[in-house]
A.B. asks: 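Here's a structure for you.
The first residue in the sequence is number 1, and the count goes up from there. Computed from heavy atoms alone, side chains included, the values below leave out hydrogens, waters and symmetry copies.
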Amino acid sequence: MSSNMCETVANQAEVPDEKGDSDKGLYDNFKTTKKPRPPKPRDAVTIAVSSRTLFNMAQENRIYEQEGLEKYVSYQQEHEEEPLTPGAAFPFVKALMTVNARLRDLYPESDEMFDIVLVTNNHAQVGVRLINSINYYDLTIERFCMTGGKSPIGYLTAYMTDLYLSKDSKKVQEAIEAAATMFTLERENDLSDSQLRVAFDGDAVLFSDESEIIMKTQGLDSFFEHEKQFANKPLAQGPLKCFLEALGKLQRKFYSKDERMDCPIRTYLVTARSAASAGARVLKTMRSWGLEVDEALFLAGAPKGPLLQKIRPHIFFDDQMFHIEGAQKLGTIAAHVPYGIGQKYHRGIALQPSPPGH
């Protein structure tokens with residue numbers, strides 16, 4: 001914009017406009033809402049969730065698969081006044097909102113908080129039911145991405161996404177980084193309504209799979225020797241390192257207000273590694289990143305499910321499906337991170353590739 005044009009606009013802005021003032025007053029009266037404004041994306045931690053992770057849409061999905069798109073859309077429109085029931089990501093989203101409420105109390109002008117975006121390949125005609133459901137549960141979700149049957153993955157970067165959660169494993173694999181597949185639980189644990197709890201596996205989740213490759217291909221003894229030899233060399237970052245980093249940044253905002261002991265975010269490292277044999281490199285890696293977790297739990301190969309049942313996280317991330325399945329059986333909300341060599345193994349046994357044509 002030229003300087004002359006700027007001056008003209010400035011001069012025009014100084015001229016009283018009774019109608020404009022009146023309209024502004026009218027707008028101010030109507031813009032008041034119970035829901036707080038969404039934060040600016042450039043400052044926020046953006047969590048993108050699909051409609052089927054936020055809500056349980058199993059019945060609607062069956063209609064789509066068995067009767068087709070038009071029947072599905074018609075059903076959604078006919079039932080748009082009926083709120084959808086909560087899905088696997090619903091408790092996690094509610095916990096994010098709890099953290100936001102605390103941050104707004106401490107930092108009223110800050111946009112450093114969670115921004116929740118609904119990202120779905122649903123058609124816009126289904127949007128009314130999604131909006132009604134979000135309002136029914138008083139969720140703070142103002143940004144939508146509805147792509148009418150096309151994959152929404154290409155929009156994740158534009159929405160400045162830090163974490164993407166979906167029930168569609170193909171979309172998660174397409175997203176590559178900072179993404180996980182969620183699963184519907186048959187039973188649930190009681191979760192904290194005052195603290196967001198996030199649990200992470202280590203290798204191939206927070207860290208790269210370089211050490212896991214050694215274990216899978218050369219055995220446990222070689223893995224222990226490798227970790228001892230490279231104990232002072234930090235591991236490369238994994239797909240969710242940046243999400244842990246974002247959580248740590250928000251945690252420090254509470255620490256700076258002397259609320260460390262009452263922080264509404266708690267993080268856990270839950271790893272199958274042995275502490276004495278392979279734990280030092282993990283802790284030194286996190287120290288080199290300037291990151292910390294509130295609790296580090298080394299299980300030395302023991303099942304993770306019972307311990308996770310005690311922690312009761314709102315979400316647990318792991319790269320291996322047998323850990324996900326074990327957690328789910330005991331009521332833990334788990335999300336699969338499809339990264340690294342672990343995708344080629346199940347319970348330590350290499351998966352055989354499907355024969356051609358299958």
A.B. asks: Under 4.0 Å between a side-chain nitrogen and a carboxylate oxygen: does that hold for D262 and R102?
C.D. replies: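 Counted as a salt bridge, because a side-chain N and a carboxylate O are separated by less than 4.0 Å.
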
A.B. asks: Can you confirm whether the side chains of S288 and T285 place a donor and an acceptor under 3.5 Å from each other?
C.D. replies: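 The answer is no; no qualifying pair exists.
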
A.B. asks: With a cut-off of 6.0 Å (strictly less than), are more than 12 heavy atoms of other residues, nucleotides or ligands near OH of Y255?
C.D. replies: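 Yes.
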
A.B. asks: Distance alone, cut at 3.5 Å: any donor-acceptor contact between the side chains of E325 and Q320?
C.D. replies: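 The answer is no; no qualifying pair exists.
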
A.B. asks: Are Y75 and Q59 close enough that a side-chain donor and a side-chain acceptor fall under 3.5 Å?
C.D. replies: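 The criterion, which ignores hydrogens and geometry beyond distance, is satisfied for Q59 and Y75.
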
A.B. asks: Does R42 pair with D111 as a salt bridge, N-O distance under 4.0 Å?
C.D. replies: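 Judged by the 4.0 Å cut-off on N to carboxylate O distance, R42 and D111 do not form a salt bridge.
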
A.B. asks: To the nearest 0.5 angstrom, please state how far the CG atom of L244 sits from the CD atom of E292.
C.D. replies: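 Here the rounded value is 9.5 Å.
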
A.B. asks: Pairing donors with acceptors under 3.5 angstrom, does anything connect the side chains of S277 and E227?
C.D. replies: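 Result is no, nothing qualifies.
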
A.B. asks: Any chain of hydrophobic side-chain contacts (each under 4.5 Å) joining V73 to M146?
C.D. replies: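 Per the 4.5 Å side-chain linkage, V73 and M146 are co-clustered.
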
A.B. asks: Salt-bridge test for D193 and K94: reply yes if a basic N is under 4.0 Å from a carboxylate O, no otherwise.
C.D. replies: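 No, no charged N to carboxylate O under 4.0 Å.
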
A.B. asks: Stepwise, does the side-chain contact (heavy atoms from CB on, under 4.5 Å) test hold for N189 with Q309?
C.D. replies: CA-CA 7 Å; N189 293 325; Q309 188 180 29; 4.0 Å; yes

A.B. asks: Determine whether more than 12 heavy atoms belonging to other residues, nucleotides or ligands lie under 6.0 Å from atom CG of D105.
C.D. replies: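 Buried by this count: over 12 neighbours within 6.0 Å.
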
A.B. asks: So, are E174 and K170 salt-bridged, with charged N and O less than 4.0 Å apart?
C.D. replies: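 No, no charged N to carboxylate O under 4.0 Å.
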
A.B. asks: Any side-chain donor paired with an acceptor under 3.5 Å for N232 and K284?
C.D. replies: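 Present: a donor and an acceptor within the cut-off.
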
A.B. asks: Using a strict 4.0 Å threshold on nitrogen-to-oxygen distance, state whether R52 and E60 make a salt bridge.
C.D. replies: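 The answer is no: the pair does not qualify as a salt bridge.
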
A.B. asks: Does a side-chain N-to-carboxylate-O contact under 4.0 Å join E210 and K216?
C.D. replies: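 No, E210 and K216 are not salt-bridged.
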
A.B. asks: Is the shortest side-chain N to carboxylate O distance from D190 to R312 below 4.0 Å?
C.D. replies: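 Result for this pair is no, no salt bridge flagged.
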
A.B. asks: Side chains of R266 and Q195: donor-acceptor distance under 3.5 Å anywhere?
C.D. replies: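 Absent: no donor and acceptor within the cut-off.
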
A.B. asks: Any donor-acceptor pair under 3.5 Å linking the side-chain atoms of N132 with those of E82?
C.D. replies: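 Distance-only check fails for E82 and N132.
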
A.B. asks: Hey, is OH on Y155 packed in by over 12 heavy atoms from elsewhere, all under 6.0 Å?
C.D. replies: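 At most 12 heavy atoms, drawn from other residues, nucleotides or ligands, come within 6.0 Å of this atom.
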
A.B. asks: Evaluate whether atom OH of Y64 has more than 12 neighbouring non-hydrogen atoms of other residues, nucleotides or ligands under 6.0 angstrom away.
C.D. replies: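 Open.
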
A.B. asks: Does a donor on one side chain sit under 3.5 Å from an acceptor on the other, for Y339 and D203?
C.D. replies: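 Result is no, nothing qualifies.
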
A.B. asks: I311: which other cluster members, linking ILVMFWY side chains closer than 4.5 Å, directly or transitively?
C.D. replies: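 Members alongside I311: Y268, V270, L297, L299, L307, L308, F316.
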
A.B. asks: Would you check if there is a donor-acceptor pair between the side chains of Y137 and T85 at a distance under 3.5 Å?
C.D. replies: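 Looking only at side-chain atoms, Y137 and T85 do not form any donor-acceptor pair under 3.5 Å.
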
